[in-house]
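What follows is a short report on a single structure.
The chains referred to below are lettered A, B, ... by the order of the sequence lines, with proteins before strands, and numbering in each begins at 1. Side-chain atoms are counted along with the backbone in the values below, which use heavy atoms only and exclude waters and symmetry mates.
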Amino acid sequence: METAPQPIHELEAQRRANRDAAAALGFLPYGERVDGLMTLAGARCRYDEAADRAHQEAAKAPPPGFVDARPTVKVAGRVMLLRDNGKLLWLNLRDDTGDLQTAISQKDADEASFGLAKTLDLGDVIVVEGRLMRTRTGEITAWASRVSMGAKCLEQPPEKHAGLTDPELRYRRRYVDLHANPETMRAFHRRSALVRRARRWLDERGYLEVETPMLQVQAGGAAARPFKTHMNALDMTLYMRIAPELYLKRLLVGGMRRVYEINRNFRNEGLDRNHNPEFTMLEAYEAFGDVHTMMALTEGLIRELAREIAEEEEQNPLRRPRFTGGDHFGKTLGEVFDNHRYYFDHIYTLQDQFFQSLPDEIWRVLRHLKDKNDAPNFVLMNRQEHKGPIPLKIPFGDLAIDYGSPFVRAEYGDLFQRALGFPMTDAARARAEAKARGLKHEGLDHWLIVNELFEEVAEPTVDPSRPTFITGYPSAISPLTRPRPGDPTLADRADLFIGGMEIAPHYTELNDPDVQAAKFREQLAGLDEEENTFRTFDEDFILALKVGMPPAGGMGLGVDRLMMLLTNQRTIRDAVLFPLMRPVE
RNA sequence: GAGGGCGUAGCUCAGCCCGGUAGAGCAGCGGACUUUUAAUCCGUUGGUCGAGGGUUCGAAUCCCUCCGCCCUCACCA
């Protein structure tokens, strides 16, 4: 369907006129390939104080044969602020590493560049080449010699102080949110860094990253309602996966000892601050491990990720001062800095306060490297050895969550007894209690009633600021978990709760094909008609178990929720780049 | 699914209680300015008040329906 041409808004018309003006000066309004660009943060850190001072002295009384040694930079960024002083324009550029001020002077820029500068609008993406200097007020500035277009912006950007605050617009137009609100950019950079760290953590421990089907003939491995779709070629119904579990276990049967997958699951359920219909899950399985192996793995991983975050905070004793300058030779620098007790990791944005507080020792090494290569563009940080208990608290809303202390372990049955005042095996009292509290109980199995009570009464007694493993779930509600040898009513399953959210279940996996088949049948027997349409007996999985799956531990970590916790976002929509929204019109 | 709140200029918001033809800041437009940084100074444009209906001489404002978003609760292995 052809969209009727909309009348062009006055503000857009003015920008189109400015675009034409730029084109008339010979510029491509939508730019072209540019080599040798550096990031704004990378450019900023190349500022050379001595060269700048020498240049200033020379301006008063030029010594014979003076050579301007101020570094030249070539950068690209979006114009966030623009102050036009007539013959001198000040622009604040932004990219995803930070901001950099640029000055375009009629005297020092070429004529076309200055002409172009006069056509610029807020929001335009431009390329600037110039010398690095510091202004009277101390701002590091790229003093332009040449300017060209990256991309004309035909839309009015958000207000310059308040930014884009309307949550609906932030989610619907994330591309505006990302450049208008640096905090958003920072949160998603962090998410990326944390996922990268998680992968490395698992890789270092011998886990193999795999990809298993997202389109499945039957949606197994969890009990959620799936999204249904149709495949034309084979004229068959397919389901978007609700969990990768049954495929990852098939890989254990195949002989992979340690596997993990970080990928999307889809659940056709409600959406709220903790649920998006598609969400990222990290599932890991380890042959010859059990629930305890996996709990240790998760605890170690989450603590490491928390440390990553905490180290960015200046107040934390674990913080690593960091500075930028040369992403392409990071490894070499890593070696150099390891020898100097400094630890090289990923690329981080330069922070002024860190930069200025760097010890001389680092500066010496930096200067040395700078002599060897004129274009440093790396990020470094030092990791101080820390003795004693790790103070590692990360804010989440009103809470300060303690990731440094050992995670709490609490038995499901003990929590139940403490909160309810009677043992969970007491069926009569459980039913009476559920009825008294107005909970679902009619026609429910004893263990389902117990779980209703548990979630209502016992779960809230867990301290949300202390990550807690709840262990020993009833076997009846854990169909893929091995029952405890000493007490088959309980399963070797542990759910990790942080900040009141369920973050990750852990299991000693059920690998007896007969017991598994019986549990499937039992589960299917209790289904209503609607559920029966998408929940079926997975024959092939049982067949796989009959080939022999080694004993194993497994876990599934909700990545989005973990990101919420570590980046202090109260809703999953702030942890996901493009959360699902109802379409407008 | 239930309850509550919100929707006014490109953006951030006032006006709504108590009805009288629409306001501010930023941005935009014209002008001045070569060290500004929320630049400043002078002048100025801009709105189907989410959509539809009702009450009224008259509705951004009161009432109803619908749409979108947010919050709380419910549902959710």
Can a donor-acceptor pair under 3.5 Å be found between the side-chain atoms of A:Glu139 and the base atoms of B:U36? no

Under 4.0 Å from OP1 or OP2 of B:U12: is there any side-chain N or O of A:Thr165 that close? yes

Atom pairs, N/O to N/O, protein against nucleotides 71-74 of chain B, distance under 3.5 Å?
from: B:U72; atom 1: OP1; to: A:Arg273; atom 2: NH2; distance (Å): 2.6

Are the side chains of A:Ile498 and A:Pro464 in contact, using a 4.5 Å heavy-atom criterion? no

Out of B:G28, B:U12, B:U36, whichever nucleotide has its closest atom nearest the side chain of A:Thr141: B:U36

With P as the reference atom in both, quote the distance from B:G25 to B:C42 in angstrom, rounded to an integer. 12 Å

Within less than 4.0 Å of OP1 or OP2 of B:C70, is there a side-chain N or O belonging to A:Arg573? yes

Give a yes/no answer on whether the side chain of A:Arg170 brings an N or O atom under 4.0 Å of OP1 or OP2 in B:C69. no

A:Glu168 has a side chain; which of B:A77, B:A39, B:C69 sits nearest to it? B:C69

Taking the side chain of A:Pro479 as its heavy atoms from C-beta onward, which of B:U35, B:U34, B:A77 lies nearest to it? B:A77

Taking atom types as they are modelled, is there a donor-acceptor pair under 3.5 Å from the base of B:U36 to the side chain of A:Thr135? yes

Does A:Lys160 have a side-chain nitrogen or oxygen under 4.0 Å from the phosphate oxygens OP1 or OP2 of B:A27? yes

Check: A:Arg136 side chain, B:U35 base, donor-acceptor under 3.5 Å: no

Test item: side-chain donor near acceptor, A:Arg19 and A:Tyr30, under 3.5 Å: yes

Which whole number of Å gives the distance between the C1' atom of B:C18 and that of B:C13? 22 Å

In terms of side-chain heavy atoms of A:Glu10, which of B:C26, B:C69, B:U45 is nearest? B:U45

Please tell me which of the listed nucleotides, B:U34, B:G10, B:C70, lies nearest to the side chain of A:Leu11? B:G10

For a quick check of understanding: with a heavy-atom distance under 4.0 Å over all strands, which category does A:Arg83 fall into, base, sugar-phosphate or nothing? base

Heavy atoms, side chains only, cut-off 4.5 Å: are A:Pro158 and A:Val176 in contact? yes

Across all chains, not counting sequence neighbours, the side chain to side chain donor-acceptor pair (under 3.5 Å) partners of A:Thr468 are none

Tell me whether the side-chain N or O atoms of A:Gln523 pair up with the base of B:A77 as donor and acceptor below 3.5 Å, since no angle test is needed here. yes

Applying a 4.0 Å non-hydrogen cut-off, can you work out what A:Leu81 is touching in the nucleic acid: base, sugar-phosphate, or nothing? sugar-phosphate

Quick one: the side chain of A:Asn85 and the base of B:A39, do they pair up donor-acceptor inside 3.5 Å? yes

Among B:U12, B:U34, B:U36, find the nucleotide with the atom closest to the side chain of A:Leu164. B:U12

